[in-house]
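Quick notes on the structure that follows.
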Amino acid sequence: MNNLYESNNYELSFRGILADDDFKLYTNNSTISVTSDISFDINADFRSSINYFAASILGGIAHTIITSCKRANIEVEELEGKIHLLLKNPLTLLNVKGYSEEPKIEKCKITYYLYADEDEDLLLKICYSSLKNSFIYNTLKNVINFEIKFILID
């Protein structure tokens with residue numbers, strides 16, 4: 001059974017189209033609209049690709065944690081996450097003279113606050129071991145410096 005391509009691989013394809021300075025990615029059931037790479041305007045009312053990227057990281061890992069806890073018969077009653085990204089060389093994106101270094105996300109700090117009626121040591125062990133099952137985390141962990149911590153709440 002392990003020799004079957006489908007047992008080791010799952011392929012996804014998406015289509016994107018640029019229309020009126022708005023790039024739309026079409027998924028199976030909806031559309032994701034990306035208006036810019038990043039916005040430095042904290043009052044901007046549109047979603048940039050960095051917004052979706054942060055949401056994917058934070059949400060993807062959160063769902064992996066919840067799934068791992070369910071498999072261990074632990075019900076997570078509360079879960080909140082905060083993500084902080086350190087962007088290097090952002091002035092290159094603004095086309096500021098004298099700045100031409102490649103912009104990149106250098107560091108990602110995530111804190112999850114969670115509550116489950118379970119032994120604290122066991123819960124933390126499951127949370128940290130669940131990272132081994134996260135597509136997002138395992139794809140990015142060798143590219144971005146991650147710092148992830150879990151804080152248990154009462």
message: Is any side-chain heavy atom of L87 closer than 4.5 Å to one of I38?
response: yes

message: Could you list the cluster mates of F23? Members are the ILVMFWY residues connected by side-chain heavy atoms closer than 4.5 Å, either directly or through other members.
response: L18

message: Please check this pair: side chain of N145 against backbone of C108, looking for a donor-acceptor N/O pair closer than 3.5 Å.
response: no

task: If a pair satisfies salt bridge (charged side-chain N to carboxylate O under 4.0 Å, His left out) and one of its residues is in residues 107-117, list it, with sequence neighbours excluded.
output: K107-E147

query: Is the side chain of D119 donor-acceptor paired with the backbone N or O of L122 at a distance under 3.5 Å, no angle test?
result: yes

Sequence-distant partners of D22, salt bridge (charged side-chain N to carboxylate O under 4.0 Å, His left out), two or more places apart: K24

- prompt: salt bridge (charged side-chain N to carboxylate O under 4.0 Å, His left out) with K88: which residues, sequence neighbours excluded?
  reply: none

query: Taking only residues two or more places apart in sequence, or in another chain, which ones meet S129 in a side-chain contact (heavy atoms from CB on, under 4.5 Å)?
result: none

- line: Connected to V34, directly or through other members, by ILVMFWY side-chain contacts below 4.5 Å are Y10, L12, F14, L25, I32, Y52

What side-chain donor-acceptor pairs closer than 3.5 Å can you find for residues 58-74, not counting sequence neighbours?
from : atom 1 : to  : atom 2 : distance (Å)
T64  : OG1    : G60 : O      : 3.0
T67  : OG1    : H63 : O      : 2.9
S68  : OG     : T64 : O      : 3.0

- request: Could you check E6 against N9 for side chain to side chain contact (heavy atoms under 4.5 Å, CB included), going step by step and ending with a plain yes or no?
  value: CA-CA 5 Å; E6 292 80 8; N9 302 282; over 6 Å; no

field: With I153 via side-chain contact (heavy atoms from CB on, under 4.5 Å) - residues at least two apart
entry: E78, Y113, Y115

message: Evaluate I83 against T111 for side chain to side chain contact (heavy atoms under 4.5 Å, CB included), listing each step before the verdict.
response: CA-CA 7 Å; I83 186 168; T111 303; over 6 Å; no

- prompt: Among all residues two or more places apart in sequence or in another chain, which pass the ring pair (Phe, Tyr, Trp, His ring centres under 6.0 Å) test with F53?
  reply: none

- prompt: Does atom CZ of F40 have more than 12 heavy-atom neighbours from other groups under 6.0 Å away?
  reply: yes

message: List the residues meeting side-chain contact (heavy atoms from CB on, under 4.5 Å) with A55, not counting sequence neighbours, and say none if there are none.
response: none

task: Would you check if there is a donor-acceptor pair between the side chains of N51 and S48 at a distance under 3.5 Å?
output: yes

field: Residue pairs, two or more places apart or on separate chains, that pass ring pair (Phe, Tyr, Trp, His ring centres under 6.0 Å) and touch residues 123-154
entry: Y112-F150, Y128-F150, Y137-F146

- request: List for me each residue that meets side-chain contact (heavy atoms from CB on, under 4.5 Å) alongside I17, sequence neighbours excluded, and say none if there are none.
  value: R15, Y26

message: For E102, I'd like to know if atom CD has over 12 heavy atoms of other residues, nucleotides or ligands within 6.0 Å.
response: no

message: If you count heavy atoms of other groups shown closer than 6.0 angstrom to CG of D21, is the number above 12?
response: no

query: Is S134 reaching over with its side chain to a backbone N or O of L131, donor-acceptor style, under 3.5 angstrom?
result: no

